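Computed from a predicted model, the values in this text were never measured in an experiment. In the text below, chain A, chain B and the rest are named by the order of the sequence lines, each starting its count at 1.
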Amino acid sequence: MSSEQRHAPTEDDLTATRRAKLAELRAQGWSYPNHFTPTKHAGELHAAFGETDGAQLDEAKHPATVAGRVVAKRAFGQASFVVVEDVTGRIQTYLRRDQLTPEEHALAKSLDLGDLIGVAGWVFRTRTGELSVHGTSVVLLAKCVHPLPEKWHGLTDVEIRYRKRYLDLIANGAESRPVFLSRSKILAGIRSFLVARDYVEVETPILQSIAGGAAARPFLTHHNTLDMELQLRIAPELFLKRLLVGGFERVFEIGRNFRNEGISTQHNPEFTMLEFYQAYATCDDLLPLVEEMIGGLALALHGTTKVKYGEHDIELGAGWTRLSLIDAAAAAAGCAPHDLRNEPKARAVAQQHGVPIPPGAGAGGIATALFEHFVEPTLIQPTFVTGFPAEVSPLARANDDDPFVVDRFELYVVGRELANGFSELNDPDDQRARFLKQLENRGQGDDEAHPMDEDYVHALEHGMPPAAGCGIGVDRLTMLLCNAQSIRDVVLFPLLRPAAKA
RNA sequence: GAGCCGUUAGCUCAGCUGGUUAGAGCAUCUGCCUUUUAAGCAGAGGGUCCCGGGUUCGAUCCCCGGACGGCUCACCA
């Protein structure tokens with residue numbers, strides 16, 4: 001390739017070199033072998049022989065076959081040290097000419113960082129004391145034709161980490177993999193917690209004709225043969241409650257919700273939510289359940305209910321603070337609680353503090369805006385906020401003594417909403433009226449107002465047992481328990497714009 | 001959607017006030033090396049300085065526009 005001639009952007013030289021090696025192997029008949037069975041993981045070998053001295057190992061010559069990715073290679077003329085990484089960790093292999101066929105020796109010399117190989121041999125300890133596998137055969141399992149990120153600094157470009165998560169896992173596996181293992185444990189922990197309490201796991205539609213159950217804008221899609229507009233669900237709530245009508249008494253679903261909104265460190269357009277519903281329970285019954293679940297998950301993951309999140313030390317052991325939304329908002333805004341029940345007065349308070357008033361908001365909506373503005377960011381330790389205005393809770397049951405509010409709570413930790421639960425509204429006429437009120441708000445410009453769902457009201461008209469339900473954002477819970485500052489660090493493949501065409 | 005910041009070799013990063021041929025380490029290639037530990041030694045190759053305009057004798061650098069990303073804000077969980 002002449003240097004004065006500006007060649008078209010062809011393949012990178014590093015990749016070309018590796019492809020040439022691959023072509024050579026193929027010419028010799030190699031073709032991505034399918035049958036290879038390792039007998040040991042790296043972690044097993046370290047666990048079994050980590051304390052065994054070299055003389056004993058030489059005596060016993062324990063056989064071992066390992067497989068994994070080449071993550072380091074130190075080659076000499078007639079021998080090489082090749083470090084292989086599998087899901088449990090790393091093990092060094094030692095490949096020398098006098099133990100291999102000529103073809104294997106040539107392969108060992110041509111190995112690139114990133115290749116997947118299998119090595120059979122015996123366990124030994126090198127002169128410098130490192131536990132290794134002395135190879136008697138080596139086979140290439142898959143070729144890596146692209147150069148991998150540098151071994152010392154790893155991959156720091158966050159865009160590539162999210163876009164090509166496999167590279168993040170290869171290059172930064174020690175840091176990024178544990179988060180996803182923890183996420184798996186959290187999901188399993190939630191399931192076993194609820195199943196142990198007689199909850200039934202169910203799956204409800206993601207494709208819905210009216211996406212309801214939350215205040216959010218949906219994604220739109222289309223069914224071709226039915227020629228039908230569909231929306232991706234924004235919450236499973238209304239279907240889970242139809243199941244309560246049908247006779248299930250305790251149900252839960254862990255699933256993806258889709259909300260057509262902005263992206264931030266705390267928002268991914270698709271996110272995982274746990275929702276659970278219990279008949280013959282009230283809102284108050286759920287608080288201890290949530291405490292126990294989240295505290296138990298922390299204990300299972302970390303062995304303690306104290307977790308570190310950024311600068312904060314969070315105590316997730318039971319006994320969380322409880323706070324009334326209206327009282328807290330009034331205290332922060334320096335007015336009397338009853339002022340926030342009166343729309344003109346509430347409006348004046350908000351204007352006095354320069355807090356924007358949502359379109360169509362009445363006293364309840366304004367009180368909530370004040371709460372979110374002043375109080376929410378200050379709730380660092382786990383706090384249950386109760387007494388939400390009915391106006392902002394179209395699916396929750398009004399309080400018997402004070403119909404201005406509903407029997408509802410939200411859980412806040414490190415200034416973020418983590419869970420939302422309430423006694424369910426099972427009065428179909430009240431539900432219809434609330435939906436109509438939401439339609440009014442929609443007319444006034446609130447495009448996240450809840451749509452009318454006659455089918456759901458019709459279900460309620462058959463009688464839904466008194467019940468309470470709760471939703472927990474699994475991604476945010478994982479962030480909290482894994483000390484992750486961005487939701488993209490706990491979602492394997494976060495949504496990104498398509499990469500610019502290079 | 002708005003504001004601020006960023007984008008230089010495959011990766012991690014330098015690059016002065018605008019100056020001639022844009023550097024380093026790792027990685028790669030060639031040679032030597034049968035117990036290394038970020039192996040070593042000798043040599044070599046590798047760049048659309050994110051893209052498009054503008055200013056200038058001259059732009060990686062200054063100005064304008066755009067793409068992508070990060071952070072903050074707004075909305076939600």
Under 4.0 Å between a side-chain N or O of [X] and OP1 or OP2 of [N]?
X         : N      : result
Arg127(A) : U34(B) : no
Arg497(A) : G69(B) : yes
Ser264(A) : C75(B) : no

Does a salt bridge link [X] with [Y], judged by any charged N lying under 4.0 Å from a carboxylate O?
X         : Y         : result
Lys143(A) : Asp112(A) : yes
Asp58(A)  : Arg125(A) : no
Glu85(A)  : Arg177(A) : yes

Self-check item: Donor-acceptor pair (no angle test) under 3.5 Å: Thr156(A) side chain, U12(B) base
Solution: no
Practice problem: Establish whether the base of U35(B) is bridged to the side chain of Glu130(A) by a donor-acceptor pair shorter than 3.5 Å. | Solution: no
Checking contacts here: which listed nucleotide ([options]) is nearest the side-chain heavy atoms of [X]?
X         : options                : answer
Phe81(A)  : A27(B), U36(B), C29(B) : U36(B)
Arg488(A) : C71(B), C29(B), A77(B) : C71(B)
Asp98(A)  : U34(B), C29(B), C11(B) : U34(B)
Tyr94(A)  : C68(B), A77(B), U35(B) : U35(B)
Met273(A) : U34(B), G46(B), A77(B) : A77(B)

Considering only atom [atom1], compute the distance from [N] to [M] and round it to an integer number of Å.
N      : M      : atom1 : result
G23(B) : A44(B) : P     : 14 Å
G43(B) : A38(B) : P     : 24 Å
G6(B)  : G45(B) : C1'   : 30 Å
C63(B) : G19(B) : P     : 15 Å
U17(B) : U12(B) : C1'   : 28 Å
A9(B)  : G25(B) : C1'   : 12 Å

Practice problem: For this output row, return yes or no: ring centroids of Phe371(A) and Tyr412(A) closer than 6.0 angstrom. | Solution: yes
Give a yes or no answer on whether the side chain of [X] reaches the backbone of [Y] with a donor-acceptor pair at less than 3.5 Å.
X         : Y         : value
Arg18(A)  : Cys144(A) : yes
Asn257(A) : Phe271(A) : no
Arg322(A) : Phe384(A) : no
Arg233(A) : Thr204(A) : yes
Arg165(A) : Pro494(A) : no

Distance in angstrom units between [X] [atom1] and [N] [atom2], rounded:
X         : N      : atom1 : atom2 : value
Arg125(A) : U36(B) : CZ    : C1'   : 15 Å
Asn172(A) : U12(B) : CG    : P     : 9 Å
Arg259(A) : A74(B) : CZ    : C1'   : 17 Å
Ile160(A) : G70(B) : CD1   : P     : 12 Å
Asp157(A) : C11(B) : CG    : P     : 8 Å
Phe124(A) : U36(B) : CZ    : C1'   : 10 Å
Asn260(A) : G1(B)  : CG    : P     : 12 Å
Gln485(A) : G70(B) : CD    : P     : 15 Å

Self-check item: Verdict with reasoning, Arg161(A) to Glu175(A), per salt bridge (Lys or Arg N to Asp or Glu O under 4.0 Å)
Solution: CA-CA 12 Å; Arg161(A) 288 186 50 218; Glu175(A) 293 81 46; over 6 Å; no
Self-check item: Position toward the 5' end of RNA chain B (nearest nucleotide), Gly154(A) or His134(A)
Solution: Gly154(A)
Quiz item: If you find the nucleotide of RNA chain B closest to Leu155(A) and the one closest to Glu372(A), which residue's nucleotide is nearer the 5' end?
Solution: Leu155(A)
Quiz prompt | Distance (rounded to the nearest 0.5 Å) between Ile210(A) CD1 and Ile234(A) CD1 | solution = 11.0 Å
Quiz item: Parallel, tilted or perpendicular: which describes the rings of Tyr199(A) and Phe252(A), with under 30° parallel and over 60° perpendicular?
Solution: perpendicular
Write out a two-atom table: protein N or O, nucleotide N or O from nucleotides 8-10 of chain B, distance below 3.5 Å.
from   : atom 1 : to       : atom 2 : distance (Å)
G10(B) : OP1    : Asp12(A) : OD1    : 3.3

Quiz item: Which ranges of RNA chain B pair up as stems, where a stem means three or more consecutive Watson-Crick or G-U pairs with both distances under 3.5 Å?
Solution: B:1-7 with B:67-73, B:10-13 with B:23-26, B:28-32 with B:40-44, B:50-54 with B:62-66
Quiz item: Counting any heavy atom closer than 4.0 Å, what does Gln92(A) reach on the DNA or RNA strands: base, sugar-phosphate only, or nothing?
Solution: base
Quiz item: With a 4.0 Å cut-off on heavy atoms, is Ser80(A) in touch with a base, just the backbone sugar-phosphate, or nothing at all?
Solution: nothing
Tabulate protein N/O versus nucleotide N/O from nucleotides 39-41 of chain B, keeping only pairs under 3.5 Å, one per line.
from   : atom 1 : to        : atom 2 : distance (Å)
A39(B) : OP1    : Lys151(A) : NZ     : 2.6
A39(B) : OP2    : Arg74(A)  : NH1    : 2.6
A39(B) : N6     : Ala75(A)  : O      : 3.3

Practice problem: Identify the heavy atoms of Val375(A) and Ala332(A) that sit nearest to each other, and give their distance. | Solution: CG2-CB, 4.0 Å
Practice problem: Search all heavy atoms of Glu253(A) against all heavy atoms of Pro236(A) and return the closest pair with its distance. | Solution: OE1-CB, 3.5 Å
